[in-house]
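What follows is a single structure, written as structure tokens, with notes after it.
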2 protein chains.
Amino acid sequence: MATIGDVARIAGVSRSTASYALSGKRAISEEVRERVAAAVRELGYTPNAGARALATSQTMVIGLLAQFMEDEFAPAMLQYILGVSNTARELGYDILLVTEEDGTRALRRITDSRMVDGIVLLNVAEDDDRLPILRAASQPGALVGLPADCTGVDVFDLDFEEAGRLMVERLHRLGHRELILVSQPEHVVERGGAYVWRLQNAAVEQAQNRGITLHAVFGSSGQPEVGQQLHAMLDAHPEATGLLINNEAAAAALPTVLHSRGLTAPEDLSVIGRYSDEFARTFSLPFSSVESAPDRLGRMAVRQLVRRIEHSGAATEPHVVRFVSPEFVDRGSVASPRPTSPRHGGRP
Amino acid sequence: MATIGDVARIAGVSRSTASYALSGKRAISEEVRERVAAAVRELGYTPNAGARALATSQTMVIGLLAQFMEDEFAPAMLQYILGVSNTARELGYDILLVTEEDGTRALRRITDSRMVDGIVLLNVAEDDDRLPILRAASQPGALVGLPADCTGVDVFDLDFEEAGRLMVERLHRLGHRELILVSQPEHVVERGGAYVWRLQNAAVEQAQNRGITLHAVFGSSGQPEVGQQLHAMLDAHPEATGLLINNEAAAAALPTVLHSRGLTAPEDLSVIGRYSDEFARTFSLPFSSVESAPDRLGRMAVRQLVRRIEHSGAATEPHVVRFVSPEFVDRGSVASPRPTSPRHGGRP
DNA sequence: CTGAAAGCGCTTACAG
DNA sequence: CTGAAAGCGCTTACAG
């Protein structure tokens, strides 16, 4: 492989001149610039990334820590990863993807060895083990997900409280008076998935404020359990006219459940989910939803991270905690409840 | 950040001794080894990856090129990625994930700059643009997917021909005489997704050999099109008693389609899919299937790649093309056709 | 068993 | 506008 020494020799200049000609960091005569460019072309020269990293202390790589938990719905993760990866590339960075079980060890490894210029943490728990390590690292970090303690990192998340309120408020305004909310599995909450109760608590509170009934339940993250739970909830609350879904697996299972009960949305039941548009397309979900914007969150996290990496002034700027407002995407599954409740349809 | 010089100073030895004490590449007195270990602990020393890469020409990173095509079902990709990522880590390697649209440019960038010790290519097309670049690179490459020309790379893929034969043969033996095969979209074929017609041609041939009818059709990769196509096929061939699915989106859509027609598998229709067990769980697909083994293929590709990277003798060993035999996973959706065809059930 | 030195391939002050 | 040299942090022959 050609080195910058080869380029310099062929161009008839010193290595420093060749380097400057390529980086443009100092004035170079037109003639020399062209000789260097020709040599580069001739040799197919590309700088050695390791050598450059050693000399500049910049790797142009961002570490992406993603954990695939048993109790989380894997396809939903993919969109965050793609949002991060694509944005990073646009800004000139590559992605070191770490899916190791032991996130703390992995994080220490890639930061201590300086393989990366910054870190994006996905799947952040309320009290995340990885955060102390990230704070101690010399590279900046950006999170997707809200921990209890946000010091020292930039944080991006959906405004789950607002999402919970929005879901309840929409249905209340249309005249619904009894709702069911299916959340993520309780394991997720126990592990510290704060977003589950952030949405749920806000929904419960909003329901109280409006004087309506909300039955909240933790759903499973997989089939067939989650389908059975949906049936059970619908059996248990025949007067409920609205269904709120903060659980990807439940959303994916719902069409089959409704179908098998002979129910149609919104005629028999109004439904609002919380997932991304991409997710809705993949699973062809016909339900209106609160957009969870994984690509946008990934993009925001990377942009802020790169600002901190590149703009030395940004290192001292205060860290941000930024919430994306939930947007309601209308897919026609929400309407006023029919005057003659209760619902028809039962478990087949 | 501490360097090996700091370690050496604190341990009271030379840098080379510190280095050897850590690598174990030459005999070190017990006492010195312990002083070095203590210094490492005290400083929290971790070698700088860039410096090590420069000195050893080994980055301990594997490049993973994954393309997310519009007409492919993204969740299916994830399992290949995880198989590769997890196996790489077990073997001591990290993953540079590249999802760039322009795969050839990306490949050139990461190989020329020596960011990686080897390359895993996913989504390999029959005549893949990236292959000439990979062959020209100094790093070894392993593919998941079968191109027309396998020279200079190690290739791993499901035996799609065998899968096609197996699907037809199973149903033929049970007495089925008219089958429908839904393949991936025609775009995938045009782009060079050879596996589509490898399975299809083998299925068609096997049907001919057995003297039975096989209606082959290209399905769409998304909803609602693919659901409508399934309906159309079932409408068009009321005598067909078996359905073969080589299309993830079609498989995911099928439960709803069958349900809405009032059909049950295997009573009204025998169904065999071609997807992974993990995929079946995620989408709770109740159909027997030919296992596509993405995790196993990813694992095989990485193992072979690491062999070539680490064992210099392996560099000259002949390249391999290895097919994973399709395994039939029984989920109870296959049985003898009922004596009184035709099928009941129509588009609702 | 250990140390001094060269070298990996860059970038960037320093000097002219 | 250009060059000679130092340095980034490692590893590994070479020498003892």
Side-chain angles (χ1 to χ4, degrees), chain A residues 1-37 39-40 43-61 109-117 138 310 312, chain B residues 1-37 39-40 43-61 109-117 138 310 312:
Chain A
M1 211 61 200
T3 72
I4 196 156
D6 299 325
V7 171
R9 191 164 31 76
I10 293 196
V13 297
S14 70
R15 298 192 309 158
S16 59
T17 298
S19 177
Y20 283 119
L22 290 175
S23 69
K25 285 189 182 170
R26 78 177 181 193
I28 298 283
S29 72
E30 188 53 31
E31 193 223 333
V32 165
R33 184 193 312 285
E34 277 181 9
R35 288 216 310 272
V36 170
V40 165
L43 294 168
Y45 169 74
T46 307
N48 178 301
R52 177 175 274 180
L54 186 56
T56 63
S57 300
Q58 286 235 329
T59 63
M60 301 307 283
V61 174
R109 177 165 50 79
I110 67 174
T111 54
D112 284 358
S113 67
R114 315 214 99 106
M115 300 180 81
V116 297
D117 294 336
S138 52
E310 297 187 346
S312 59
Chain B
M1 211 59 199
T3 73
I4 198 156
D6 300 324
V7 171
R9 191 163 32 74
I10 292 197
V13 297
S14 71
R15 298 193 310 158
S16 59
T17 299
S19 177
Y20 283 120
L22 290 173
S23 70
K25 285 190 182 169
R26 79 177 181 194
I28 298 283
S29 72
E30 188 53 30
E31 193 222 332
V32 164
R33 186 195 311 284
E34 276 181 9
R35 289 215 311 272
V36 170
V40 164
L43 295 167
Y45 169 74
T46 306
N48 179 301
R52 177 174 274 179
L54 186 56
T56 63
S57 300
Q58 286 236 326
T59 63
M60 302 307 284
V61 174
R109 177 164 49 80
I110 68 175
T111 53
D112 283 357
S113 67
R114 312 214 100 104
M115 300 180 82
V116 296
D117 296 335
S138 52
E310 296 187 347
S312 59

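In what follows, chains carry the letters A, B, and so on, assigned in the order in which the sequence lines appear, proteins first and then strands, with residues in each chain numbered from 1. The structure displayed is predicted, hence computed values, not measured ones.
At least one side-chain nitrogen or oxygen of B:Y45 sits closer than 4.0 Å to the OP1 or OP2 atom of D:dC10. Neither OP1 nor OP2 of C:dT2 sits under 4.0 Å from any side-chain N or O of B:S14. For D:dC10, the OP1/OP2 oxygens have no side-chain nitrogen or oxygen of B:S19 closer than 4.0 Å.
Rounded to whole Å, atom C1' of C:dG9 lies 13 Å from atom CG of A:L22. In this structure, the CD atom of A:E31 is 12 Å from the C1' atom of D:dT2, given to the nearest Å. Per the geometry, OH belonging to A:Y20 stands 7 Å off P belonging to C:dT12, to the nearest Å. In this structure, B:Q58 atom CD and D:dG9 atom P are separated by 22 Å, rounded to whole Å. Here D:dG3 presents its C1' atom at 14 Å from CD1 of A:I4, a figure rounded to the nearest Å. A straight line from CG of B:D112 to P of C:dC10 spans 12 Å, rounded to a whole angstrom. The nearest whole Å value for the distance from the CZ atom in B:R26 to the P atom in D:dT11 is 13 Å. Here D:dG9 presents its C1' atom at 7 Å from CZ of B:R15, a figure rounded to the nearest Å.
Of the two residues near DNA chain C, B:S16 and B:A51, the one whose nearest nucleotide lies more 5' is B:S16. Residue order along DNA chain C, read from the 5' end via each residue's closest nucleotide, puts B:T56 first among A:K25 and B:T56. Taking for each of B:S23 and A:V13 the nucleotide of DNA chain D with the nearest heavy atom, the 5'-most of the two is the partner of A:V13.
Comparing C:dC10, C:dT12, D:dA13 by their nearest atom to the side chain of A:T3 picks out C:dC10. Proximity note for A:L54 (side chain, C-beta onward) versus C:dG3, C:dC10, D:dG9: the nearest is D:dG9. Considering only the side chain of B:N48, D:dC10 comes nearest among C:dG9, C:dG3, D:dC10. Listed nucleotides D:dT2, C:dC10, D:dA15 differ in distance to A:I28; the shortest reach to its side chain belongs to D:dT2. Relative to the side chain of B:A55, the nucleotides D:dC10, C:dT11, C:dA13 differ in distance, and D:dC10 lies closest. Candidate nucleotides C:dT2, D:dC8, C:dG7 were compared by shortest atom distance to the side chain of B:S29, and C:dT2 ranks first.
A:T59 and A:A53 get closest at one heavy-atom pair: CG2-CB, 4.0 Å. Closest approach of B:M1 to B:D6, counting heavy atoms only: O-OD2, 4.1 Å.
A heavy-atom distance below 4.5 Å is not found between the side chains of A:V61 and A:D117. For the pair B:Y45/B:L22, a side-chain contact is recorded, criterion being any heavy-atom separation below 4.5 Å from C-beta on.
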Query raised in the report: Step by step, would you call A:S138 with A:R114 a side chain to side chain donor-acceptor pair (under 3.5 Å)?
Result: CA-CA 9 Å; A:S138 52; A:R114 315 214 99 106; 2.5 Å; yes
Query raised in the report: Yes or no on side-chain contact (heavy atoms from CB on, under 4.5 Å) for A:N48 and A:T3, after CA distance, side-chain angles and deciding distance?
Result: CA-CA 8 Å; A:N48 178 301; A:T3 72; over 6 Å; no
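Not a single donor-acceptor contact under 3.5 angstrom links the side-chain atoms of A:R52 to the base of C:dT11.
With a 3.5 Å ceiling on both atom-pair distances, D:dA4 lacks any Watson-Crick or G-U wobble partner. With a 3.5 Å ceiling on both atom-pair distances, C:dA13 lacks any Watson-Crick or G-U wobble partner.
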